[in-house]
Amino acid sequence: MTYTLLIIGALVLLGIVAALSQRHGDDDTVVVADGCASCNGDNDQCEQECMMEAATKPIEYYDDEELDVYAGRESDAYSDDEADEFREVLTTLLPTDVKGWNRSLILRGINVPDQIKDELVMMME
């Protein structure tokens, strides 16, 4: 009988400890973004969710339909003249449109030429 009470007491104590540790454990707070405009590059989950959301919508073009011929090309396979075509579009964009343009290229299967990646990243920041 004593062993039974000890086992029951131990189980109750273990249950209390488990319940307390869950209450004071890590808080998995869900951050609700105000849309993709609030993604600033610091939160990979926000960027990923925006890409998934963008994939379900029609692709937005930025007067750059001529770049579709480069779909599937590796980023290191562009000539300087071809990279200048991308640079021309990039330099005419509003700063607020640069991230959207990059998403548009990704969704269209177009890799940005290595020659302009630094410029693109600087404009996205």
**Message:** Among residues at least two apart in sequence or on other chains, which ones pass side-chain hydrogen bond (donor to acceptor under 3.5 Å, both in side chains) with Q48?
**Reply:** none
**Asked** Can you list the steps and then say if E66 with V89 is a side chain to side chain contact (heavy atoms under 4.5 Å, CB included)?
**Response** CA-CA 10 Å; E66 70 276 6; V89 174; 3.9 Å; yes
**Request:** Please write out which residues are connected to M122 in a hydrophobic cluster, directly or through intermediates, given that two of Ile, Leu, Val, Met, Phe, Trp, Tyr count as joined at side-chain heavy-atom separations below 4.5 angstrom.
**Result:** none
**Prompt:** By side-chain contact (heavy atoms from CB on, under 4.5 Å), which residues pair with D81, not counting sequence neighbours?
**Reply:** S79, D84
**Complete:** With sequence neighbours left out, the residues meeting side-chain contact (heavy atoms from CB on, under 4.5 Å) with E74 are D76, A77
**Prompt:** Where the side chain of S104 meets the backbone of Y61, is there a donor-acceptor pair that is under 3.5 Å apart?
**Reply:** no
**Item:** Pairing residues for E119 by the salt bridge (Lys or Arg N to Asp or Glu O under 4.0 Å) criterion, not counting sequence neighbours
**Value:** R87
**Asked** Step by step, would you call W101 with E60 a side chain to side chain contact (heavy atoms under 4.5 Å, CB included)?
**Response** CA-CA 8 Å; W101 180 63; E60 183 175 353; over 6 Å; no
**Prompt:** What pairs of residues pass the ring pair (Phe, Tyr, Trp, His ring centres under 6.0 Å) test when at least one of them lies in residues 102-125, not counting sequence neighbours?
**Reply:** none
**Prompt:** Got L67 and R108 here, is their nearest side-chain heavy-atom distance under 4.5 Å?
**Reply:** yes
**Message:** Suppose the criterion is side-chain hydrogen bond (donor to acceptor under 3.5 Å, both in side chains): which pairs have a residue in residues 88-97, not counting sequence neighbours?
**Reply:** none
**Fill in**
Separation between CG (L120) and CG (L90), nearest 0.5 Å, reads 6.0 Å
Please list, one pair per line, the donor and acceptor atoms closer than 3.5 Å that link side chains of residues 111-118 to other protein atoms, with sequence neighbours excluded.
unit_1, atom_1, unit_2, atom_2, d
N111, ND2, R73, O, 2.8
D114, OD1, S75, OG, 2.9
D114, OD1, K117, NZ, 3.2
Q115, NE2, Y78, O, 2.9
Q115, NE2, D80, OD1, 3.2
K117, NZ, S75, OG, 3.3

**Item:** Within residues 104-125 or reaching into it, pairs that qualify as ring pair (Phe, Tyr, Trp, His ring centres under 6.0 Å) - sequence neighbours excluded
**Value:** none
**Connected-component partners of L94 among ILVMFWY, side-chain separation under 4.5 Å** = none
**Asked** If you group Ile, Leu, Val, Met, Phe, Trp and Tyr by side-chain heavy-atom gaps below 4.5 Å, do I106 and M124 land in one group?
**Response** no
**Prompt:** So if you build clusters from Ile, Leu, Val, Met, Phe, Trp, Tyr with side-chain heavy-atom gaps below 4.5 Å, do M123 and L105 land together?
**Reply:** yes
**For Q45, all residues meeting side-chain hydrogen bond (donor to acceptor under 3.5 Å, both in side chains), sequence neighbours excluded** = E49
